[in-house]
Amino acid sequence: MQLSRAAITILDQLSEAIEQINEADFCRPSVALNASIGQHLRHTLEFFICLEQGYEQGIINYDKRAHNKLMEIDKTIALNAIRQIKEFIINKQPGKALKLEVGYLPDSDTFETINTNYHRELVYNIEHAVHHMAIMKIGMKEVADYLTVPADFGIAVSTLRYKETVESAQ
């Protein structure tokens with residue numbers, strides 16, 4: 001299925017980049033980002049993990065992420081998380097109905113519940129990951145300029161299609 005393939009491609013790109021980076025650079029804060037590559041990766045992966053956990057429970061809440069600090073500083077833990085997420089995506093049945101809990105008021109601990117489904121949440125995770133990959137790419141150029149990532153790393157497919165259309169028209 002198209003969504004699963006897109007998610008796996010993104011996770012593979014992340015994995016390949018993280019395999020190249022040394023542990024110190026993985027943890028080193030980028031001045032431009034005010035965060036490390038590891039912190040952005042942990043944040044990105046935890047959204048997928050919330051989807052996995054929510055899939056089993058039927059309720060997703062991205063605000064209840066674990067904020068696993070070990071994933072920010074240990075590449076092996078992050079790479080294992082990527083492998084686990086990929087396995088989850090490959091083995092899931094499409095279209096399962098889910099509930100999404102959201103809360104956007106800082107002075108309230110209550111959540112609203114919205115109907116959603118696995119596909120919609122996978123789309124959200126893909127978009128969220130691409131966004132953070134674009135941010136990570138900025139940090140990678142600063143703290144680990146030796147990394148080689150694909151030209152489309154952190155670029156939305158719609159942007160790639162648009163650029164292709166513009167270039168072919170010239």
Side-chain angles (χ1 to χ4, degrees), residues 1-22 25-26 28-52 54-55 60-63 65 71-72 75 78-79 81-100 102 104 114-170:
M1 142 160 241
Q2 190 179 138
L3 291 177
S4 296
R5 278 187 28 223
I8 297 300
T9 297
I10 286 166
L11 292 164
D12 284 343
Q13 287 183 345
L14 284 167
S15 184
E16 290 166 13
I18 300 313
E19 286 171 355
Q20 294 176 58
I21 195 169
N22 70 49
D25 292 339
F26 181 70
R28 185 160 46 115
S30 158
V31 174
L33 304 184
N34 197 29
S36 69
I37 302 304
Q39 287 171 312
H40 274 278
L41 180 65
R42 187 256 325 141
H43 173 81
T44 302
L45 296 180
E46 282 188 341
F47 274 65
F48 281 103
I49 292 168
C50 284
L51 175 57
E52 179 178 359
Y55 185 93
I60 300 164
N61 186 322
Y62 297 111
D63 291 343
R65 298 183 308 281
M71 197 183 304
E72 296 178 3
K75 286 177 27 175
L79 290 167
I82 292 172
R83 282 190 275 285
Q84 179 181 337
I85 293 164
K86 286 173 54 177
E87 188 173 311
F88 162 73
I89 291 169
I90 289 167
N91 293 315
K92 282 304 150 231
Q93 291 296 327
K96 179 179 178 178
L98 300 166
K99 303 282 185 188
L100 175 65
V102 296
Y104 293 112
I114 299 167
N115 291 325
T116 188
N117 63 57
Y118 172 70
H119 279 137
R120 174 65 192 96
E121 296 309 312
L122 187 58
V123 167
Y124 173 70
N125 274 264
I126 290 167
E127 297 294 332
H128 180 254
V130 170
H131 165 74
H132 277 278
M133 289 166 71
I135 295 168
M136 280 186 258
K137 190 191 260 184
I138 295 165
M140 289 172 177
K141 288 179 182 177
E142 179 186 332
V143 301
D145 64 352
Y146 54 88
L147 292 180
T148 304
V149 295
D152 63 349
F153 187 97
I155 301 174
V157 171
S158 61
T159 301
L160 294 171
R161 284 191 201 119
Y162 174 77
K163 286 181 176 182
E164 188 177 297
T165 303
V166 169
E167 289 171 5
S168 67
Q170 294 176 349

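Owing to the predicted nature of the structure, the values given are computational and were not obtained by experimental measurement.
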Taken in chain and number order and not counting sequence neighbours, the residues that satisfy side-chain contact (heavy atoms from CB on, under 4.5 Å) with Leu79 are Ser15, Ile18, Glu19, Ile82, Arg83
What one should report as the nearest heavy-atom pair of Gly154 and Ala134 is O-CB, 3.3 Å
Who passes side chain to side chain donor-acceptor pair (under 3.5 Å) against Lys99, sequence neighbours left out? Asn115
With sequence neighbours excluded, residues passing side-chain contact (heavy atoms from CB on, under 4.5 Å) with His131: Ile135
Thr165 side, atom OG1; Leu160 side, atom CG - distance, nearest 0.5 Å: 10.5 Å
Scanning both residues in full, the closest heavy-atom pair of Leu147 with Ala17 reads CD2-O, 3.7 Å
Minimum heavy-atom distance Ile138-Ala32, with the two atoms named: CG2-CB, 4.2 Å
Mind checking the CD-CZ spacing from Glu46 to Arg65? Nearest 0.5 Å is all I need. 6.5 Å
So Met136 and Leu14, do their side chains get closer than 4.5 Å, heavy atoms only? yes
Surrounding CG of Asn91 (heavy atoms of other residues, nucleotides or ligands, distance under 6.0 Å), is the total greater than 12? yes
Distance col, row Phe26:CZ vs Gln20:CD, nearest 0.5 angstrom, shows 13.5 Å
Sorted by chain and number, sequence neighbours left out, salt bridge (Lys or Arg N to Asp or Glu O under 4.0 Å) with Lys75 holds for none
In this structure, CG of Leu45 is separated from CD of Glu52 (nearest 0.5 Å) by 11.5 Å
Could you state the interatomic distance from CD1 (Ile90) to CD1 (Ile8), rounded to the nearest 0.5 Å? 4.5 Å
By side-chain contact (heavy atoms from CB on, under 4.5 Å), which residues pair with Gln39, not counting sequence neighbours? Ala35, Ser36, Glu72
So side chain to side chain donor-acceptor pair (under 3.5 Å) across residues 146-161, not counting sequence neighbours, yields Gln13-Asp152, Asn22-Tyr146, Asp25-Tyr146
Looking only at side chains, do Asn125 and Tyr62 share a donor and an acceptor under 3.5 Å apart? yes
Which pair of non-hydrogen atoms, one from Ile10 and one from Val130, has the smallest distance, and what is that distance? CD1-CG2, 3.6 Å
Thr116: what forms a side-chain contact (heavy atoms from CB on, under 4.5 Å) with it, not counting sequence neighbours? Leu98, Leu100, Arg120, Glu121
Heavy-atom closest pair (Val143 atom, Pro29 atom, distance to 0.1 Å) is CG1-O, 3.9 Å
Note: Glu167-Lys163 ion pair, threshold 4.0 Å (strictly below): no
Going by salt bridge (Lys or Arg N to Asp or Glu O under 4.0 Å), name the pairs with one or both residues in residues 140-149, residues two or more places apart or in two chains. none
Sequence-distant partners of His132, ring-ring contact (aromatic ring centres under 6.0 Å, His included), two or more places apart: His40, His43, His128
Value rounded to 0.5 Å, distance of CD1 in Ile89 from CZ in Arg5: 14.0 Å
Partner set under salt bridge (Lys or Arg N to Asp or Glu O under 4.0 Å) for Lys86, not counting sequence neighbours: Asp12
Which residues share a ring-ring contact (aromatic ring centres under 6.0 Å, His included) with Phe88, sequence neighbours left out: Tyr55, Tyr118
Closest non-hydrogen atom pair, Ile37 against Gly139: CD1-C, 3.7 Å
Answer whether the closest heavy-atom distance between the side chains of Leu122 and Lys92 falls below 4.5 Å. no
Kindly indicate whether the side chain of Phe48, heavy atoms from C-beta on, has any atom under 4.5 Å from the side chain of Leu11. yes
